[in-house]
Chemist: 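Structure below; questions to follow.
Just the heavy atoms: all of them, side chains too, but no hydrogens, waters or symmetry mates, feed the values below. Each chain gets a letter, A, B and so on, in the order the sequences are listed, and its residues count up from 1. Because the structure is predicted, anything quoted here is derived from the model rather than measured.
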Protein chains: 2
Amino acid sequence: MGTTNGTSRSKRSTIEDVASEAGVSVATVSRAMRGLPNVAISTRAHVVAVAGRMGYTADPAASRLAAGTTKTITVVIPNLSGWYFSTVVAGAEAVCTEAGYDVLVVGIGSQKDLSRILSEQYHLERRTDGLVVIDVAVAPDQADSITQRGVALTSVGSRTAGHPSVRIDNETVGRIAADHLVELGHERLAIIGAQKDNPLSFDVPTLRHRGFIGGLASHGLAVDDVRLEGGNFGVDGGQEAMAALLDHPEPPTAVFSMSDEMAFGAIMELNDRGLVPGRDLSIIGVDDHEFSRVVALTTVRQSVASHGAAAARLLIEAMQPPDGQGAAADGQLAAPIEPAEIVAPIELVVRGSTGRVAQR
Amino acid sequence: MGTTNGTSRSKRSTIEDVASEAGVSVATVSRAMRGLPNVAISTRAHVVAVAGRMGYTADPAASRLAAGTTKTITVVIPNLSGWYFSTVVAGAEAVCTEAGYDVLVVGIGSQKDLSRILSEQYHLERRTDGLVVIDVAVAPDQADSITQRGVALTSVGSRTAGHPSVRIDNETVGRIAADHLVELGHERLAIIGAQKDNPLSFDVPTLRHRGFIGGLASHGLAVDDVRLEGGNFGVDGGQEAMAALLDHPEPPTAVFSMSDEMAFGAIMELNDRGLVPGRDLSIIGVDDHEFSRVVALTTVRQSVASHGAAAARLLIEAMQPPDGQGAAADGQLAAPIEPAEIVAPIELVVRGSTGRVAQR
DNA sequence: GGTCGGACTGTAAGCGCTTACACTCTCACC
DNA sequence: GGTGAGAGTGTAAGCGCTTACAGTCCGACC
């Protein structure tokens, strides 16, 4: 119960220590350390040297409090495990760390958590400078509230109006899959992971579905395809869906799985039944998951890690101060520059899981 | 260029606003909000209500600066993508968030980065209350410096003397694999992912290697096994290693792969050569990766997510103040309680990739 | 009835930075 | 030679909390 903290953590040096040691004022130290202008080169060098010798680093809490900026970016994800998400996060983390930002991650178990995080001021406000949301739908009013709080936002996987985003063209994904399958002669097709086609919806499954159907149609194929929604986008969902398809009296000859992970499950089911992917039934996935090549899965590749990196870069860019120019615009706000929307490239990767329709 | 920040972020309420609104002092608000004692129940309720109505949340930067505690936990990992790491992180994140800690993640590209992070005060000191390091060797002096800075440390995957840890018994892992393979009649064995056996080393590959060899020995088998080190612990490394093994004039009949991911690569190589795992060559991995069941890989399971969660719990526990009791001990430090060391359970999971040695 | 301890509450001093503003020099220029 | 514009530096006022310390009140107890 002494005055000190029990653990005798050695007193660390503060900006004042450095200032007196270097024989300058704290203001100068502050400016020198942050590379601000108006510090003589010689002074800066000296201060930096002294600081280095003393092992000084600015206390982030103090900086944040004083400057009002946190130098922290928060990544919001449905869940951290899972290849897709962790890969995106990895890409984003690398860029953020490189740029000197701390990276906070928060997993949202449910949409409810999302609301809590976005609407209430918990993770926003004075806690983070920017948000990268991955595969999370941000409602316009939520986005507004985020902006109002002075927090930047970038989304990957889907877009949020008025904010930068990086995503792929999901309709084209479906179309590519359809083209590939049709070219191989398949006519009895199914989708795994489909969502009821709601023409108003813009979520990923719906778009891919739409693109796929559209692709078929442009080849003159009917669209009374069997569709199964594997409840979850993972292996289990895929397996269940494939099982259901195969139990059908007239199973499809080719299947479009909306994610590679689902496709893995589907392939398991195939294996269990002694069927060979690509020979007995063709299957194409989406992602080019790191294990797709292990099971020779044909897929529509997206380069997930780079999405994360790109999103981080957009975010950081968006957080730069408005640059002082053009502030003379008569409006009250800075000129509303169109936010960057990156549509990342996708690519068909043909492997063994798709083949010509079986002769019968 | 006005006095305000350009973006007109609506003034958020401070503790003073709440205090005056509630008709109490800031001290009372602070205490009430944090559930500290010495606040009348009625007062607390009132304050909390007012705060809620005003949408008040304490500014974390200010709290940190004033209290000296960050309510932040940092997770240090070799890389964020990859099933093992992201799964551990997911487990840890859930627990930390639940307990009200922010979770910072930092990926270390190299051991050099690690030193930077641990030795220099970058991520320590006033930035985080605790560290959970995943599969990262922390040198004793690094650990000391961390402790001295008042930062708690927990490691998963390996242990750091004097700090809590959660890991598995890697020698037993090797032994289990050996037992299984020997019981199936295999005698010509190999290891993928082995490290040169340095009897002083306690890193994961070495321990598993040692356990495996020991297991063989206890069955009376010689140990002039072929060993291949797949440079990396991933799919590629496994594939290369298996290729090398198969190119040998007398290839093994069974292989112990030190990670499931390597085993996947090995299985790919098998497939490429028209060999069937479990029939032509048995292979057993370690992890029970989420896709192991997809390729029917026999493996020694560890439940990775729970490791992360357990580590987080240990950390949080370790960060609790010393509890004031027993402070009367004549020593200058609190009684040095043995840190918890959790040795998590492992389990053999038999699937199709291992089978009786082929009749020849 | 006076006193004392405990339960509450308030006052104010920081925590370690950032930054507006003021100030001191140098020069370049007329 | 005087002046004004920078360039470089210092002073000090916060940023929004936490918390030691100092009350104030009230009921219990002698």
Side-chain angles (χ1 to χ4, degrees), chain A residues 1-6 9 11-47 51 54-71 121 125-127 129 150 321, chain B residues 1-6 9 11-47 51 54-71 121 125-127 129 150 321:
Chain A
M1 300 258 146
T3 49
T4 59
N5 205 334
R9 61 183 66 171
K11 207 74 183 140
R12 86 187 282 268
S13 42
T14 71
I15 197 174
E16 276 192 88
D17 301 333
V18 176
S20 67
E21 177 75 15
V24 297
S25 73
V26 294
T28 300
V29 174
S30 177
R31 287 190 280 251
M33 295 297 290
R34 288 179 302 147
L36 259 38
N38 282 339
V39 178
I41 337 86
S42 59
T43 308
R44 183 189 310 281
H46 178 224
V47 169
M54 300 176 70
Y56 169 78
T57 309
D59 181 329
S63 300
R64 287 166 191 179
L65 180 56
T69 190
T70 63
K71 268 291 187 179
Q121 53 283 89
E125 204 90 15
R126 304 309 234 73
R127 190 172 241 103
D129 289 348
Chain B
M1 299 271 140
T3 50
T4 58
N5 207 334
R9 61 182 69 173
K11 206 79 182 139
R12 88 186 281 268
S13 43
T14 72
I15 197 173
E16 276 192 89
D17 301 333
V18 176
S20 67
E21 178 75 15
V24 297
S25 72
V26 293
T28 300
V29 174
S30 176
R31 287 189 281 250
M33 295 298 289
R34 287 178 303 145
L36 260 38
N38 281 339
V39 178
I41 339 88
S42 58
T43 308
R44 184 188 311 280
H46 178 223
V47 169
M54 300 177 69
Y56 169 78
T57 308
D59 181 329
S63 301
R64 287 165 190 178
L65 180 57
T69 190
T70 64
K71 270 292 188 175
Q121 54 283 88
E125 204 91 16
R126 305 307 236 73
R127 189 174 242 97
D129 289 347

Chemist: Does A/S30 put a side-chain nitrogen or oxygen below 4.0 Å from OP1 or OP2 of C/dC17?
Modeler: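 Answer no for this pair, as no side-chain N or O of A/S30 is under 4.0 Å from OP1 or OP2.
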Chemist: Please report how far the helix from C/dG1-D/dC30 to C/dC30-D/dG1 bends, comparing the axis fitted to its first five pairs with the axis fitted to its last five, to the nearest 10 degrees.
Modeler: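 Here the helix ends are tilted 50° relative to one another.
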Chemist: Establish, with yes or no, whether the OP1 or OP2 oxygen of D/dT11 is under 4.0 angstrom from a side-chain nitrogen or oxygen of A/S25.
Modeler: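 Result: no.
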Chemist: Rounded to whole Å, please give me the gap between CD in B/E16 and C1' in D/dG14.
Modeler: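 Atom CD in B/E16 sits about 12 Å away from atom C1' in D/dG14.
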Chemist: Between D/dT19 and B/R34, is there an OP1 or OP2 to side-chain N/O distance shorter than 4.0 Å?
Modeler: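 Result: yes.
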Chemist: Taking salt bridge (Lys or Arg N to Asp or Glu O under 4.0 Å) as the test, write out the residues that go with A/D59, two or more places apart.
Modeler: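 Testing A/D59 for salt bridge (Lys or Arg N to Asp or Glu O under 4.0 Å), a comparison that skips the adjacent residues, returns B/R126.
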Chemist: In residues 17-24 of chain A, which ones come under 4.0 Å of DNA chain C, going by heavy atoms?
Modeler: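 Hits under 4.0 Å, by residue number: none.
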Chemist: Between A/T14 and A/Y56, which heavy-atom pair has the shortest distance, and what is it?
Modeler: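 Minimum heavy-atom separation between A/T14 and A/Y56: C-CE1, 3.5 Å.
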Chemist: So, for B/G35 and B/R44, which heavy atoms are closest and what is the spacing to 0.1 Å?
Modeler: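 Distance-wise, the nearest heavy atoms are CA-NH1, 3.2 Å.
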Chemist: Could you tell me which residues satisfy side-chain contact (heavy atoms from CB on, under 4.5 Å) with A/S63, sequence neighbours excluded, listed by chain and number?
Modeler: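 Listed in chain order: A/A58.
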Chemist: What protein N or O atoms touch nucleotides 25-27 of chain C N or O atoms at under 3.5 angstrom, if any, and at what distances?
Modeler:
none

Chemist: Going by the rule side-chain contact (heavy atoms from CB on, under 4.5 Å), which residues pair with A/T69 if we only count those two or more places apart in sequence or in a different chain?
Modeler: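 Counting only residues at least two positions away or on another chain, A/T69 forms a side-chain contact (heavy atoms from CB on, under 4.5 Å) with A/A67, A/D129.
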Chemist: In residues 35-45 of chain A, which residues come under 4.0 Å of DNA chain D by heavy atom?
Modeler: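 By residue number: A/N38, A/V39, A/A40, A/T43.
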Chemist: Can you run down the side-chain hydrogen bond (donor to acceptor under 3.5 Å, both in side chains) pairs that involve residues 31-42 of chain A, sequence neighbours left out, and say none if there aren't any?
Modeler: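 Every pair satisfying side-chain hydrogen bond (donor to acceptor under 3.5 Å, both in side chains) with a residue in residues 31-42 of chain A: A/S30-A/R34.
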Chemist: Could you tell me whether the side chain of B/R12 reaches within less than 4.5 Å of the side chain of B/T57, counting heavy atoms only?
Modeler: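 A side-chain contact exists here, since the closest heavy-atom pair is under 4.5 Å.
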Chemist: A/L65 CG to C/dC17 P: how many Å, rounded?
Modeler: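 Going from CG in A/L65 over to P in C/dC17 covers 12 Å.
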Chemist: For a quick check, with a 4.0 angstrom heavy-atom cut-off, what is the B/S/- contact string for nucleotides 23-28 of chain D, read 5' to 3'?
Modeler: ------
Chemist: Measure across B/A22 and B/H46 and return the closest heavy-atom pair with its distance rounded to 0.1 Å.
Modeler: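 Heavy-atom minimum between the residues: O-CE1, 3.1 Å.
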Chemist: Answer with yes or no whether A/R31 presents, from its side chain, a donor or acceptor under 3.5 Å of a partner atom in the base of D/dG10.
Modeler: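 Donor-acceptor pair under 3.5 Å: yes.
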Chemist: Quick one: on DNA chain C, does B/A27 or B/A67 contact a more 5' nucleotide (nearest heavy atom)?
Modeler: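 Final value for this comparison: B/A27.
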Chemist: Between A/R126 and D/dC17, is there a contact of a side-chain N or O with OP1 or OP2 at under 4.0 Å?
Modeler: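 It does not, given that no N or O in the side chain of A/R126 lies less than 4.0 Å from OP1 or OP2 of D/dC17.
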Chemist: Let me know the distance between CZ of A/R64 and C1' of D/dC17, rounded to the nearest Å.
Modeler: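 Computing the A/R64:CZ to D/dC17:C1' distance gives 15 Å.
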Chemist: Please confirm whether the shortest side-chain N or O distance from B/T28 to OP1 or OP2 of C/dG10 is below 4.0 Å.
Modeler: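 For B/T28, the contact criterion (side-chain N or O under 4.0 Å from OP1 or OP2 of C/dG10) is met.
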Chemist: Provide, to the nearest angstrom, the distance between the NE2 atom belonging to B/H46 and the C1' atom belonging to C/dC8.
Modeler: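 Taking NE2 of B/H46 and C1' of C/dC8, I get 16 Å after rounding.
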Chemist: For residues B/S13 and B/D17, report the shortest heavy-atom separation together with the two atoms involved.
Modeler: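 It is CA-OD2, 3.1 Å.
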Chemist: Mark yes or no for whether A/R127, through its side chain, and A/T70, through its backbone, hold a donor-acceptor pair below 3.5 Å.
Modeler: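 Not at all, since once roles are kept as given, no pair shorter than 3.5 Å links the two residues.
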Chemist: To the nearest angstrom, how far is A/K71 atom NZ from D/dC15 atom P?
Modeler: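 Going from A/K71 (NZ) to D/dC15 (P), I get 23 Å.
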Chemist: For B/A66, give me all partners under side-chain contact (heavy atoms from CB on, under 4.5 Å), at least two apart in sequence or on another chain.
Modeler: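 side-chain contact (heavy atoms from CB on, under 4.5 Å) check on B/A66 returns nothing, list empty.
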Chemist: B/D59 CG to D/dC15 P: how many Å, rounded?
Modeler: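 Roughly 12 Å, once rounded to whole Å.
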Chemist: Can you check the B/R127 CZ to C/dG16 P distance for me, whole Å?
Modeler: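 After rounding, the reported distance stands at 16 Å.
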Chemist: According to the salt bridge (Lys or Arg N to Asp or Glu O under 4.0 Å) rule, which pairs have a member within residues 19-29 of chain B, sequence neighbours left out?
Modeler: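 Matches after skipping sequence neighbours: none remain.
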Chemist: The criterion is side-chain contact (heavy atoms from CB on, under 4.5 Å); which residues satisfy it with A/V26, sequence neighbours excluded?
Modeler: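 Result, side-chain contact (heavy atoms from CB on, under 4.5 Å) vs A/V26: A/I15, A/E16, A/A19.
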Chemist: Among the nucleotides D/dC17, D/dT11, C/dC17, which one has an atom lying closest to any side-chain atom of B/A62?
Modeler: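 For B/A62, the side-chain atoms sit closest to D/dC17.
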